[in-house]
Amino acid sequence: MSEENNQYTFENETYRKTYWHTCSHVMAQAVKRLWPEVKLAIGPSIDEGWYYDMDAPFAFTPEHLEQIEAEMRKICKEKLKLERFELPRPEALQLMEEKGEPFKVELINDLPEGEVISFYKQGEFTDLCAGPHLDSTGRIKGNALKLTACNAAYWRGDSNRETLQRIYGIAFPKKDELDAYLARIEEAKKRDHRRLGKELGLFMLRDEGPGFPFFLPKGMTLKNTLLDYWRKVHKKYGYVEISTPIMLNRQLWERSGHWDHYKNNMYTTVIDDVDFAVKPMNCPGGMLVYASEPHSYRDLPLRVGEIGLVHRHELSGALHGLFRVRCFNQDDAHVFMTREQMQDVIQETVRLFDEVYSVFGLSYTIELSTMPEDHIGTVEEWERNQDILKQAITAMGKEFVINEGDGAFYGPKLDFHLADSLGRTWQCGTIQLDSQLPERFELEYTGEDGQKHRPVMIHRVVLGSIERFIGVITEHFAGAFPAWLAPVQVKLLPVTDRAAEYAAKVSAQLDAQGFRVEVDSRNEKIGKKIREATLEKVPFMLVVGDRDMENGTVSVRRRSGEDLGAMSLEDFAALLGDEVKTMAIK
RNA sequence: GCUGAUGUGGCUCAAUGGCAGAGCAUCUCACUCGUAAUGAGAAGGUUGUGGGUUCGAUUCCCACCAUCAGCUCCA
């Protein structure tokens with residue numbers, strides 16, 4: 001995906017960003033020409049294009065955007081020079097007040113003392129801006145720019161402040177690059193897991209349960225196959241598996257801290273006059289399991305996995321297909337260990353992540369999230385744990401970026417972000433270091449010295465949410481899952497009714513060998529059956545007709561269209577078995 | 001939750017202040033066919049829900065629900 005993102009002929013990123021930034025000024029100028037009453041906020045360049053936030057007394061429509069585009073083209077043709085100038089604070093404030101730009105006035109007021117206050121002027125339009133910019137609006141190719149969307153955004157990202165309108169745009173030095181970009185966006189939409197999920201019969205969402213996905217037979221097969229793999233790979237890494245209740249009483253959630261720190265997102269109910277909450281996380285249940293019997297240092301690290309169904313009340317506007325739901329399965333695990341084992345355990349976990357993600361061909365970026373405002377535990381403890389996470393991945397030669405203040409309330413974490421087909425990243429894996437919950441639940445182990453000690457733990461998920469991960473790989477593979485994952489691996493296509501019985505026999509034989517097989521016994525032409533099986537993205541089609549019956553063969557076709565010709569069923573089973581094995585764990 | 005848009009048979013989409021239409025899918029019949037759509041016929045809709053305006057609302061207005069784009073949030 002990243003290759004596709006780098007098709008631009010812009011010389012380099014700095015130039016690209018400068019180009020887009022100047023576009024945002026041209027757009028603001030166009031808007032002010034058309035509707036002088038519109039107030040300007042901020043208009044930066046972004047990874048793909050630019051936006052400008054504005055406050056208008058009316059809502060921008062697609063027609064407005066076309067008008068703005070037309071005016072932008074005019075401004076490009078006018079070849080206006082961009083001139084930078086600086087003003088002392090009082091004059092800068094006076095200029096923006098005269099122009100009636102309250103947001104700019106606020107920005108200037110918030111600039112630190114001594115900061116240079118610079119403006120860029122092009123024709124009649126002047127904007128507060130640090131720059132840099134192109135030297136002329138004539139540098140922008142007017143017919144290779146497009147305003148792509150208009151949406152809401154909060155002033156300064158604060159949901160308590162004004163809601164502004166954000167207009168997004170994209171531009172390239174050449175028209176055909178813009179076309180290629182727009183075509184890529186269209187192509188990415190075809191991979192949307194919500195669309196593919198419907199087309200392939202994987203899952204559905206209903207008004208009756210917003211954010212609570214239904215899995216259909218094919219999606220369920222996919223999910224179970226994924227979980228089979230998960231169990232195998234975790235067994236290999238020394239994990240055991242448990243299952244804890246979906247609902248536990250209030251006392252437990254108070255003890256874990258969730259009642260105080262997470263209550264707004266929890267579904268609660270009253271049973272026999274006692275408050276209960278549906279679990280938003282699996283850890284408290286896992287604590288109870290650990291605490292249910294004494295442990296020796298010899299048992300550590302103790303790796304306890306759980307495919308846990310959790311419910312979280314997300315804001316209605318945040319829901320998004322399988323990517324953001326209110327109920328999902330976490331491929332959770334808690335590893336209990338001594339302080340000395342922390343670094344090893346973290347590294348072992350990262351190696352497990354690498355193994356799993358590489359099976360799917362997914363790349364990731366790592367974020368280290370540090371202490372949030374709402375937290376438990378001391379600052380020293382947090383810093384110590386953050387350092388351990390840093391050291392562990394640095395020693396493995398991995399890069400990370402810091403996400404300040406975004407840790408869980410009980411500890412810092414490493415988040416693994418996987419990219420979807422639109423280049424959006426989704427947090428899937430996470431490793432959270434926690435010395436707070438063991439404290440709260442008074443977990444213990446007996447050390448070599450015969451004394452009781454407190455273990456530390458990590459909370460970790462690899463796939464994250466099974467649901468989200470299915471969404472990510474659906475887009476990643478564009479619905480064409482590798483054979484080991486495909487809900488249907490083989491589709492038998494009898495050419496005529498005469499071959500129906502033979503097809504059923506072949507199907508039964510493959511089924512007995514553990515392959516997932518379907519027979520298309522409809523009275524339809526072979527061309528139609530092939531077309532539909534291809535659209536269903538079934539990896540292998542076996543065409544069987546009179547010739548195959550006579551010779552005891554199957555005629556094999558891949559979903560790519562490749563015709564492998566007739567072969568014996570044994571040969572085909574070997575071929576399929578091989579393909580399945582190369583992808584999955586031994 | 002906020003701003004804007006959308007909501008029509010299972011799916012994709014038309015249309016209109018005056019009897020709601022197509023393609024695909026479904027069902028029936030014929031065809032028995034060798035690598036991306038055989039033909040004919042039938043059936044299928046209180047136009048998201050609830051109010052209102054109107055002689056008449058699927059269409060106009062209001063509220064709610066859901067979805068979409070984004071913002072905010074996201075253990």
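Below, chains carry the letters A, B, ... as their sequence lines are ordered, and counting in each starts from 1. Please read these numbers as outputs of a predicted model, since none were measured by experiment.
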Self-check item: Trace of the ring pair (Phe, Tyr, Trp, His ring centres under 6.0 Å) decision for A:Y357 with A:Y364
Solution: CA-CA 8 Å; A:Y357 295 149; A:Y364 60 78; 5.6 Å; yes
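Note on A:R558 versus A:E579: salt bridge recorded, some NZ/NE/NH1/NH2 to OD/OE distance being below 4.0 Å. Between A:R156 and A:E106 a salt bridge is recorded (basic side-chain N to carboxylate O distance below 4.0 Å).
Among A:H459, A:H334, A:R440, A:K413, the single residue meeting the side-chain hydrogen bond (donor to acceptor under 3.5 Å, both in side chains) criterion with A:D434 is A:H459. With A:I458 as reference, A:M337 is the one residue of A:R303, A:Q432, A:M342, A:M337 to meet the side chain to side chain contact (heavy atoms under 4.5 Å, CB included) rule.
As a whole-Å value, the separation of A:E373 CD from B:rC74 P is 11 Å. Atom pair A:K525:NZ and B:rG34:P shows a separation of 8 Å (rounding to whole Å applied). Rounded to a whole Å, the CZ atom of A:R557 is 6 Å from the C1' atom of B:rA36. The interatomic distance linking A:H320 (NE2) with B:rU72 (C1') rounds to 16 Å, in whole Å. Protein atom NZ of A:K491 is 14 Å distant from nucleotide atom C1' of B:rA36, rounded to whole Å. Atom NZ in A:K190 sits about 14 Å away from atom C1' in B:rU12, given to the nearest Å. As a whole-Å value, the separation of A:K529 NZ from B:rA36 P is 15 Å. Regarding A:K189, its NZ atom lies at a distance of 19 Å from the P atom of B:rU67, rounded to whole Å.
Judged by distance alone, with hydrogens and angles left aside, A:D546 brings no side-chain donor or acceptor close enough to the base of B:rG34 to form a pair under 3.5 Å. Counting distance only, with no hydrogens placed and no angle test, the side-chain atoms of A:R468 and the base atoms of B:rC74 include no donor-acceptor pair under 3.5 Å. Not a single donor-acceptor contact under 3.5 angstrom links the side-chain atoms of A:S159 to the base of B:rG1. For B:rU32, the base has a donor-acceptor partner in the side chain of A:D497 [N/O atoms by modelled type, under 3.5 angstrom]. For A:R194 against B:rC68, no side-chain N or O and base N or O form a donor-acceptor pair under 3.5 Å. For A:Y154 against B:rG70, no side-chain N or O and base N or O form a donor-acceptor pair under 3.5 Å.
A:T268 and A:K263 share no side-chain donor-acceptor pair at under 3.5 Å. A donor-acceptor pair shorter than 3.5 Å cannot be found between the side chains of A:Q165 and A:D53.
The cationic group of A:R166 lies under 6.0 Å from the six-membered ring centre of A:Y51 and within 45° of the ring axis, placing it in a cation-pi geometry.
The side chain of A:K198 approaches B:rU12 more closely than any other nucleotide in the set B:rU12, B:rU72, B:rU26. Considering only the side chain of A:D563, B:rU35 comes nearest among B:rG1, B:rU26, B:rU35. Comparing B:rG4, B:rA36, B:rC33 by their nearest atom to the side chain of A:V495 picks out B:rC33. Counting only heavy atoms from C-beta on, A:A153 has its side chain closest to B:rC71 among B:rC71, B:rU26, B:rC2.
Taking the nucleotide of RNA chain B with the nearest heavy atom to each of A:P210 and A:H313, the more 5' of the two is matched to A:P210. Mapping A:T534 and A:Q432 onto RNA chain B by nearest heavy atom places A:T534 closer to the 5' end of the strand.
Look at A:S555 and you won't find any side-chain N or O under 4.0 angstrom from OP1 or OP2 of B:rG34. Contact check, A:K528 against B:rA25: a side-chain N or O comes under 4.0 Å of OP1 or OP2. For A:R161, no side-chain nitrogen or oxygen approaches OP1 or OP2 of B:rC2 to under 4.0 Å.
Annotation: B:rU47 and B:rC60 have their P atoms spaced 15 Å apart (nearest Å). B:rA14 and B:rA57: their P atoms are spaced 25 Å apart (whole Å).
Using a 4.0 Å heavy-atom criterion, one finds that A:I530 contacts the bases of the nucleic acid, with or without backbone contacts as well. Residue contacts for A:D207: at a heavy-atom cut-off of 4.0 Å it reaches the sugar-phosphate backbone alone, with no base atom in range.
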Exercise. Between protein and nucleotides 39-47 of chain B, map the contacts as a letter string: B base, S sugar-phosphate only, - none, heavy atoms under 4.0 Å, written 5' to 3'.
Key: ---------
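The partner of B:rA42 is B:rU26, judged by Watson-Crick or G-U wobble contacts that both fall below 3.5 Å. As the counterpart of B:rG4, B:rC68 is assigned, both hydrogen-bonding distances of the Watson-Crick or G-U wobble pattern falling under 3.5 Å.
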